[in-house]
4 protein chains.
Amino acid sequence: MAWEFNGKSPIFKQINDIIISKIIKGDYKSGEKLASVRDLAVEAGVNPNTMQRALSEIEGTGLLTTLRGDGRYITEDKELIGKFRQRFIEESTAEFLGKMRALDFSKDEIISIISKINM
Amino acid sequence: MAWEFNGKSPIFKQINDIIISKIIKGDYKSGEKLASVRDLAVEAGVNPNTMQRALSEIEGTGLLTTLRGDGRYITEDKELIGKFRQRFIEESTAEFLGKMRALDFSKDEIISIISKINM
Amino acid sequence: MAWEFNGKSPIFKQINDIIISKIIKGDYKSGEKLASVRDLAVEAGVNPNTMQRALSEIEGTGLLTTLRGDGRYITEDKELIGKFRQRFIEESTAEFLGKMRALDFSKDEIISIISKINM
Amino acid sequence: MAWEFNGKSPIFKQINDIIISKIIKGDYKSGEKLASVRDLAVEAGVNPNTMQRALSEIEGTGLLTTLRGDGRYITEDKELIGKFRQRFIEESTAEFLGKMRALDFSKDEIISIISKINM
DNA sequence: GTGGTCTAGACCACT
DNA sequence: GTGGTCTAGACCACC
């Protein structure tokens, strides 16, 4: 599956989100070795530099660690991954509820809206 | 209340969102006259050019109309405002549900999460 | 004065150090506007991209803030600058003393060594 | 005590520094036989190739000599060790004073700072 | 082979 | 004009 990007935010940031999301979701498992920068770049259809930038930025979160001359690994700290997962859920929910609340929807109304959606 | 901006997205877009949100919510009422570009710019703490650009862009949606030599008015087309309101709700919901679904949450689980939140 | 780099660490990191050092020292004053990326790149004799990278990394420290389409400014938070200055001094001293202590030098001996140096 | 490395500089260089520092300090004594590459590699927790590279590089300084089929020995040239010790001290001091001087500290101020530190 | 850095040059969005 | 992003391609150090 090719990666798809929109023009709303920089590609490297979208890559960040995608990869972090894959880690959070478990597609990339704790301790697992990541594909090489070049391979990931090909897979995502971007320049290796762009992929490189995205990856090194994720590094700052601790979710990824680099072994020089070897490759990149997903952190073995499952607790950290859990924290990110939790934070992601909370932030997404807060953002959504904030918007809806601004339009004076009550909690019950919001739940009612969601209930009617097929998924 | 002063307007607050973050550096993540263009200021004029954030202004757009704020103003449209005020129209949708009813803070700016249908048919009402808008403050002058200059005054709005001062209120928001931005360059008049930036405010100008934001307003003309909103104009493109039909939510705002200009009366030459007089000023800008919120559209009297309440149906249009309703449409925007509806679209905003749908987009926000879809975005939120998309993120949660990516983490394998079911609809029931999502509702359960929201139910537990105080608001 | 042209900027000089050694091959021991990446250029962009050396640029970081130089700029932070200039802020700490007061060569770049609090609130002052920085030269443009392109100009700084010319001054330092590096590619604009390299300078860009250095600057945006400094941004993360809060020492620099960016105004879109305008330019970069040294933070007005003098307390923050003071903190960095203090931290820099402490780290440098600790590193030096650590090395000397590893060779079993006493504090008095270290002071004696420094005293004999011309500066 | 296990060896600890950071990702800032090459591991083999960090190994160099550690071993040279042990020779300079006298932990590894003049004329003494060094453990085997394999054992040292295990002790340091690195790939034998890496340890090998570090050792051969130190060899270039004369601090270590290899006796084919026997092993590696710390040089018996105590004067050489002394020189390295001296050079290490001078370099460390110069680096430290350089940094402090860049912040406009006088020699007296530097000495005063050191005097106040507990060690 | 792997990650990391740098250059060169282009294009875009924002003020 | 300013910062920001992206591509392309090269080179290096490390394991």
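In what follows, every chain begins at residue 1, and chains take the letters A, B, ... in the order their sequences are listed. Since the structure is predicted, the reported quantities are computational estimates derived from the model, not experimental observations.
Counting distance only, with no hydrogens placed and no angle test, the side-chain atoms of C:N49 and the base atoms of F:dC6 include a donor-acceptor pair under 3.5 Å.
With rounding to whole Å, C:L40 atom CG is found 8 Å from F:dG3 atom P. If you take CG of A:N16 and P of F:dG4, they are 16 Å apart, rounded to a whole angstrom. The separation between C:Q52 atom CD and E:dC12 atom P is 17 Å, rounded to whole Å. Summarising the geometry, the separation between CG on C:L64 and P on F:dG3 is reported as 10 Å, rounded to the nearest angstrom. Rounded to whole angstrom, the span from the CZ atom of C:R68 across to the C1' atom of F:dG4 amounts to 10 Å. Atom-to-atom, CD of C:E57 to P of E:dC6 comes out at 11 Å; the value is rounded to the nearest Å. Spacing between atom CD1 of A:I58 and atom P of E:dG3 amounts to 13 Å, rounded to whole angstrom units. One interatomic measurement links the two molecules: CE of A:M51 to P of F:dT5, which rounds to 16 Å at whole-angstrom precision.
Pair assignment for F:dC6 gives E:dG9, based on Watson-Crick or G-U wobble hydrogen-bonding distances that are each under 3.5 Å.
At the phosphate of F:dG4, OP1 or OP2 sits under 4.0 Å from a side-chain N or O atom of C:R72. The shortest distance between the side-chain N/O atoms of A:T50 and the OP1/OP2 oxygens of F:dT7 is below 4.0 Å. An OP1 or OP2 oxygen of F:dT5 is reached within less than 4.0 angstrom by a side-chain nitrogen or oxygen of A:R53.
By the 6.0 Å contact criterion, CD on B:E59 is enclosed, its count of non-hydrogen atoms from other residues, nucleotides or ligands being greater than 12.
Across all strands shown, A:D70 has heavy atoms under 4.0 Å from sugar-phosphate atoms exclusively, and none from any base. Here A:L67 lies out of heavy-atom contact (under 4.0 Å) with every strand. Heavy atoms of C:R38 sit under 4.0 angstrom from at least one base atom.
Looking at D:I20 and D:F88, their side chains never come closer than 4.5 Å, going by heavy atoms from C-beta outward.
Between A:I11 and C:A35, the residue whose closest nucleotide on DNA chain F is further toward the 5' end is C:A35. Between C:N47 and B:K13, the residue anchored closer to the 5' end of DNA chain E is C:N47, taking for each the nucleotide with the nearest heavy atom. If you find the closest nucleotide of DNA chain F to C:L55 and to A:P48, the one lying nearer the 5' end belongs to C:L55.
With E:dC6, F:dG4, E:dG3 as the candidates, the nucleotide lying closest to the side chain of C:F12 is E:dC6. Here the nucleotide nearest the side chain of A:P10, chosen from E:dG4, F:dT5, F:dC14, is F:dT5.
A salt bridge is defined here as a Lys NZ or Arg NE, NH1 or NH2 lying under 4.0 Å from an Asp or Glu carboxylate O, and A:K13 with A:E57 fails to meet this definition. Comment: B:E95 engages A:K99 in a salt bridge, judged by a side-chain N to carboxylate O separation of less than 4.0 angstrom.
C:S30 contributes a side-chain N or O that, together with a main-chain N or O of C:T75, makes up a donor-acceptor pair within less than 3.5 Å. At least one donor-acceptor pair under 3.5 Å links the side chain of A:Q14 to the backbone N or O of A:N6.
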